[in-house]
Protein chains: 2
Amino acid sequence: MKRFDWSDRGSRAAALARPQARENDALLADVRNIVEEVRTGGWAALVEQSRRIDGFAPRRLPVAPFARVGREMIPAATQAAMQFAAQNIESFHRQTLPKDVQVLTYPGLAVSKLWRPLDRAGLYVPGGRAPLFSTLMMLAIPAKVAGVQELVVVTPPRPDCTLHPAIALAAELCGVEAIWTVGGAQAIAALAFGAGDIPAVDRICGPGNSWVAAAKAQVAAMRGGPGIDLPAGPSELLVLADRSADPATVAADLLSQAEHDPDAQVLLVSPCSEVLDAVEAAFAIQSGRLGTTLAPFRSIACADIEEAVAIANTYAPEHLCLAVSDAPTLLPSIRNAGAVFVGGSAAESFGDYLAGSSHVLPTDGAARFTGGVSTLTFMKSMTVQQLSSQAAASLAAPAAALARLEGLEAHALAAQARAAS
Amino acid sequence: MKRFDWSDRGSRAAALARPQARENDALLADVRNIVEEVRTGGWAALVEQSRRIDGFAPRRLPVAPFARVGREMIPAATQAAMQFAAQNIESFHRQTLPKDVQVLTYPGLAVSKLWRPLDRAGLYVPGGRAPLFSTLMMLAIPAKVAGVQELVVVTPPRPDCTLHPAIALAAELCGVEAIWTVGGAQAIAALAFGAGDIPAVDRICGPGNSWVAAAKAQVAAMRGGPGIDLPAGPSELLVLADRSADPATVAADLLSQAEHDPDAQVLLVSPCSEVLDAVEAAFAIQSGRLGTTLAPFRSIACADIEEAVAIANTYAPEHLCLAVSDAPTLLPSIRNAGAVFVGGSAAESFGDYLAGSSHVLPTDGAARFTGGVSTLTFMKSMTVQQLSSQAAASLAAPAAALARLEGLEAHALAAQARAAS
C-alpha cells in the first residue's frame, strides 16, 4: 500500500505512473526474426520455430473429445454458469450490433454507411497456469454475432498435447470446432500471413505475453498486414470511493485485480482518509486470508469527488468502479474508461465473466481513444454513394470547382462527365 | 495499360499486386531518432528538428487573416461549393453518429455501451503542390460532429510562412481557429507527446508521406502512445464494368485516380473484352488531352460479373465503382471496399469532395478489416454495468464458480461479497 496525496503536485506523476514497457530491443529483434521466418518460410518455418520455442509442432485439435472430458469433469453448476455467461454475452453483443444507415445528403443523392463482418478472424487464447476460457468466450461470441465466417483459434501447446477441458467446453459453446496448438510470435505470424492449413486472417485478437504483443504490433504495422484488437498491457482497476462505500467490498475488488499479475495496476481514489484507512485495513486482512502475496495497491487522497473524477479521466483506467452514493449521477462526467461499474453492487468480477460486455478492454491509457472488443472489432464499415443522373448533373459543377482548387484536373473532368450523361 | 486474364492463374498475383512499401530500415531509423528527440527534448528539440528538416521553426498561425485572403481570391462559386460540401459532410456524419444502447441482459442488470468523444485530436494536412483543403474538411468535420473539444491541426510550413488561402478558408468553415506550421515525423511526435504549446492528442489522423506514415505507426505502437486513423498507402480505384458501362466515363474515373500519384493503383475488371478495349482507347485519348503522363492502369478480363465481384473482394480496394447495369443488386455481395460508387452516375470525384462521407479511406487491403474515417474515429465506446443488489446476489454464485474454474480465488470472493450485501 502506498498512499499519495493529490494536493502534492510533485507526486502526481508517480501516483498515476504505469509500469515501463518490458519490450526491449532484443525482444523486438527476436520477434522480428520469428515473424519474418514464418512469413517467408510458411508451414515448415512455423513448425521449426514452434518446435524450437515450445517443443511441439502446431496441431489442429478437434474440440469435441476434450469438451466431452469437460462435461464429465466440470461441476454441473459451473457448466450452467458458462451457459448463462454465453447467453448474456451473446445478448449484449446482438443488441449492440451497429446498424446500417442511409442519409439523403442532397435530393437524389443517398450516402450509406453499411456494416460487413470480417471474413476471417484470428483469436489468441493465452496459455499459462489458468485456463482462460472466459477470454475465448469474450472474443468468439462477439465475432460470431458480428457474422464472421471463419474463426481461427490458437493457443500455446500443453505438455500433454491436449486442450484444457474448460477451454474446449467454452469453444464448443461458442461454435468453435477446432483449435490450433501454437503460441507466441510464431502463432501471430501464421495468423497474419497464413502457414500451411492456418489461413491468413483479417484481424488478430486476444491478449498474450510480451512476444505476442510485440508480434501483433509488428504485423499490424506492416503494409498489407492484418488489423489487431487493442494494445494489451497489465490489467488496471481504479476504484473511486466515498464515505458510503463498504470497505470490505472495495478491498475485495482491489484484491481481485491484484491477483491477475504482479504488474497489475490497482488504484483507490477517495476524498475521505477514513475510507482509505478502512480499505487498506480490509485489504490487509483479506490478503492474509487468501494466503498469497499480491501486488500492492496505491491509494490517492483527493479534495472531493469532482477531483476524483478528474483523476480517473486523466488515468483512463481499463476498469473504473464508482463505489459512491448516487453513483449514476457521476456517469455523465466519466470520459475515459474501458468499463465502468456503477455502485457497490457492480462487481468487476461480474464484468469479467457474465454481465455481457467483453472483458477485453483498453489498458495503458488507451481508453482515451478506444473502447474494448465488441462486434465492431469484427466488422468494418463501408460507405456507399447512389444517386440519380439528375443529382449527378447538379453535383458536377461544384465538384469540378473544388477539384480545380486542389489542382486536380482529371477529378474535375470525371465530375463533369456526369453533367452530360 | 497492362491487360491480365483472370483465367491465367499464374498471373493473378501480379494482376492484384500492390507496390512494395517504400519504408526501409534507414527511413525507419531516421524516424525513430526524430520521434525520440522530440519525445525527450520537447519544444527545443521540435524547433531544432523542424529547422533542420524544413527550414522553419513551428508557428501557430491564426486562420482568420489567411481566410480573408481566401475570400478575396477564390471564386464565389468555388466558395459556395466549399460550403455545400461542408453541409453534406456534416449532415452525413451527424446522421451516422453511433447511438448509446442499454441492454437488460438479466433481470435487474443493465449493461450499456456509451459513446464519448475524444478530448483532443491531431489532424495532419499534407503539404506538397496541391492545397488539400478537402482532407482538412474530411477530418475536421467528423471530429467536430463527434464532439471533440480540441482539434490540433498541423501542416508543413510553406516557404512564405503563410497558410494557403484554400486551407485557411476550409479551416474557418470547420471552426478551426489556428494551424501549426510543422510537418513530417517531428509533427507526429509533437502531437503524440506534446511539445511546448502543442498539446499531446488522443488520436492522430490524416495522410502524409512515408516519414509521416512511419512516425504514426511508431507512436501508435508505443505503450501509452496515441491512436491513429488508418494505414495510408497509395490511393486505389477498382472499376467493375459490364457492357452497359460508358467507356468515356469509366476512363475519366480511372484517369482521376491515376493523377493522384505515380504509385496510384488503378484497376478495371470486366467480363467483356470489348469494354476493356473501349475504355483503354478512351483512356489514351483523354490522357493525351490532359497532356500529362499518368500511371498506367491494369485491366483484368474475367469470366462473368460474379468473378469480377470475387476479384474486387479479394483486392479490397479503397474505392470501388460498380459501372454495371442494375448495380444495386451487386451491393449485397460486396464485402471488402472502403467506399462503393453504385452505377455510372456515381463519381468517385463526388465522394472525394461533397457527397458527404469521408474520403479518408483504407488502402493496401485494409478494407478487409476497417472502414474509413468517420465520427467513430473521433469517439470511443465505454461499457457500463448497473445492477440491483438482488441481481448482484443472484450473479454471485455463477460468477464465483467461473472465477474458480480459472483459478482466480480473489475474483470469486469479490463476486461473493455481493451475495451478502
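Every heavy atom of this structure was used, including side-chain atoms; hydrogens, water molecules and symmetry mates were not. As the structure is a computational prediction, the values presented were derived from the model and not from experiment. We name chains A, B, ... by the order of the sequence lines, and we start the count at 1 in each one.
- Between chain A and the residues B/Ile89, B/Leu361, B/Leu376, B/Ile334, the largest count of heavy-atom pairs under 4.5 Å involves B/Ile334.
- Comparing A/Ala347, A/Pro398, A/Ala252 by how many heavy-atom pairs each has under 4.5 Å with chain B, the most go to A/Ala347.
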Assess whether side-chain contact (heavy atoms from CB on, under 4.5 Å) is satisfied between B/Val340 and A/Met382, documenting all intermediate values.
-> CA-CA 7 Å; B/Val340 185; A/Met382 187 167 89; 3.9 Å; yes
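- With a threshold of 4.5 angstrom between heavy atoms, B/Leu290 approaches chain A through side-chain atoms but not through N, CA, C or O.
- Of the listed residues (B/Gly338, B/Gly356, B/Gly351, B/Pro117), the greatest number of heavy-atom pairs within a distance under 4.5 Å of chain A belongs to B/Gly338.
- In this structure, B/Gln286 and A/Leu413 have side chains that are not in contact, with every pair of non-hydrogen atoms separated by 4.5 Å or more.
- When B/Ala85, B/Ala217, B/Pro226 are compared by the number of non-hydrogen pairs under 4.5 Å with chain A, B/Pro226 comes out ahead.
- Looking at B/Ala367, the atoms closer than 4.5 Å to chain A (heavy atoms on both sides) all sit in the backbone: N, CA, C or O.
- Taking the six-membered ring for Trp, B/Tyr106 and A/Phe84 have ring centres closer than 6.0 Å.
- Contact check for A/Gln149 versus B/Arg335: side-chain heavy atoms found under the 4.5 Å cut-off.
- With a threshold of 4.5 angstrom between heavy atoms, B/Leu109 approaches chain A through side-chain atoms but not through N, CA, C or O.
- A donor-acceptor pair under 3.5 Å is formed between the side chain of A/Thr105 and the backbone N or O of B/Ala355.
- Using a 4.5 Å heavy-atom threshold, the side chains of B/Asp202 and A/Asn336 count as separate.
- Using a 4.5 Å cut-off on side-chain heavy atoms (C-beta onward), B/Val384 and A/Phe341 make no contact.
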Which atom pairs, donor and acceptor, lie under 3.5 Å between side-chain atoms of residues 403-411 of chain B and protein residues at least two apart or in another chain?
{"residue": "B/Arg404", "atom": "NE", "partner": "B/Glu409", "partner atom": "OE1", "Å": "2.8"}
{"residue": "B/Arg404", "atom": "NE", "partner": "B/Glu409", "partner atom": "OE2", "Å": "3.4"}
{"residue": "B/Arg404", "atom": "NH2", "partner": "B/Glu409", "partner atom": "OE2", "Å": "3.0"}
{"residue": "B/Arg404", "atom": "NH2", "partner": "B/Gln416", "partner atom": "OE1", "Å": "3.2"}
{"residue": "B/Glu406", "atom": "OE1", "partner": "A/Ser134", "partner atom": "OG", "Å": "3.3"}
{"residue": "B/Glu406", "atom": "OE1", "partner": "A/Tyr353", "partner atom": "OH", "Å": "2.9"}
{"residue": "B/Glu406", "atom": "OE2", "partner": "A/Phe133", "partner atom": "N", "Å": "3.3"}
{"residue": "B/Glu406", "atom": "OE2", "partner": "A/Ser134", "partner atom": "N", "Å": "2.9"}
{"residue": "B/Glu406", "atom": "OE2", "partner": "A/Ser134", "partner atom": "OG", "Å": "2.6"}
{"residue": "B/His411", "atom": "ND1", "partner": "A/Ser256", "partner atom": "O", "Å": "3.2"}
{"residue": "B/His411", "atom": "ND1", "partner": "A/Glu259", "partner atom": "OE2", "Å": "2.6"}
{"residue": "B/His411", "atom": "NE2", "partner": "A/His260", "partner atom": "NE2", "Å": "3.1"}
{"residue": "B/His411", "atom": "NE2", "partner": "A/Asp352", "partner atom": "OD2", "Å": "3.1"}

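- Contacts of B/Ser112 with chain A are made by backbone atoms alone, with heavy-atom separations under 4.5 Å and no side-chain atom involved.
- Heavy-atom distances place the side chain of B/Leu114, and not its backbone, under 4.5 Å from chain A.
- Taking chain B as the reference chain and counting heavy-atom pairs below 4.5 Å, the highest number among A/Thr383, A/Asp364, A/Val103 is found for A/Thr383.
- Residues B/Phe350 and A/Ala392 share a closest heavy-atom pair of CZ-O, 3.5 Å.
- Residues A/Lys113 and B/Ser374 bring a donor and an acceptor atom of their side chains to less than 3.5 Å of each other.
- Contact of B/Pro165 with chain A is not made at all, since no heavy-atom distance falls under 4.5 Å.
- When every heavy atom of B/Gln386 is checked against every heavy atom of A/Leu331, the shortest pair comes out as OE1-CD2, 4.3 Å.
- With a 4.5 Å cut-off on non-hydrogen atoms, A/Ser388 touches chain B through its backbone but not through its side chain.
- Of the two parts of A/Ala415, the backbone and the side chain both hold a non-hydrogen atom closer than 4.5 Å to a non-hydrogen atom of chain B.
- Distance check, rounded to the nearest 0.5 Å: CZ of A/Phe369 to OG1 of B/Thr377 gives 13.0 Å.
- Salt bridge A/Arg418/B/Asp246: absent, no basic N to carboxylate O contact under 4.0 Å.
- Interface remark: of the candidates B/Ala221, B/Gly224, B/Ala220, B/Gly224 forms the most heavy-atom pairs closer than 4.5 Å to chain A.
- Taking OG1 from A/Thr370 and NZ from B/Lys380, the interatomic distance works out to 10.0 Å, rounded to the nearest 0.5 Å.
- Neither the backbone nor the side chain of B/Pro75 comes within less than 4.5 Å of any heavy atom in chain A.
- Every residue was checked against the salt bridge (Lys or Arg N to Asp or Glu O under 4.0 Å) condition with B/Arg289, not counting sequence neighbours, and none meets it.
- Between A/Leu354 and B/Leu402 the shortest side-chain heavy-atom distance falls below 4.5 Å.
- With a threshold of 4.5 angstrom between heavy atoms, B/Met379 approaches chain A through N, CA, C or O but not through any side-chain atom.
- Scanning all heavy atoms of the two residues, the minimum distance from B/Leu387 to A/Ala346 falls at CD2-CA, 3.3 Å.
- Between chain A and the residues B/Glu348, B/Arg116, B/Arg368, the most heavy-atom pairs under 4.5 angstrom are made by B/Arg368.
- Ranked by heavy-atom pairs under 4.5 Å with chain B, the first of A/Pro362, A/Ala327, A/Gly225 is A/Gly225.
- No other option in B/Ala412, B/Ala339, B/Gly343 has as many heavy-atom pairs under 4.5 Å with chain A as B/Ala339.
- Contact count against chain B (heavy-atom pairs under 4.5 Å) is highest for A/Asp119 among A/Leu104, A/Ile74, A/Asp119, A/Thr96.
- When each of A/Ala110, A/Gly365, A/Pro332 is scored by its heavy-atom pairs under 4.5 Å with chain B, the top score falls to A/Pro332.
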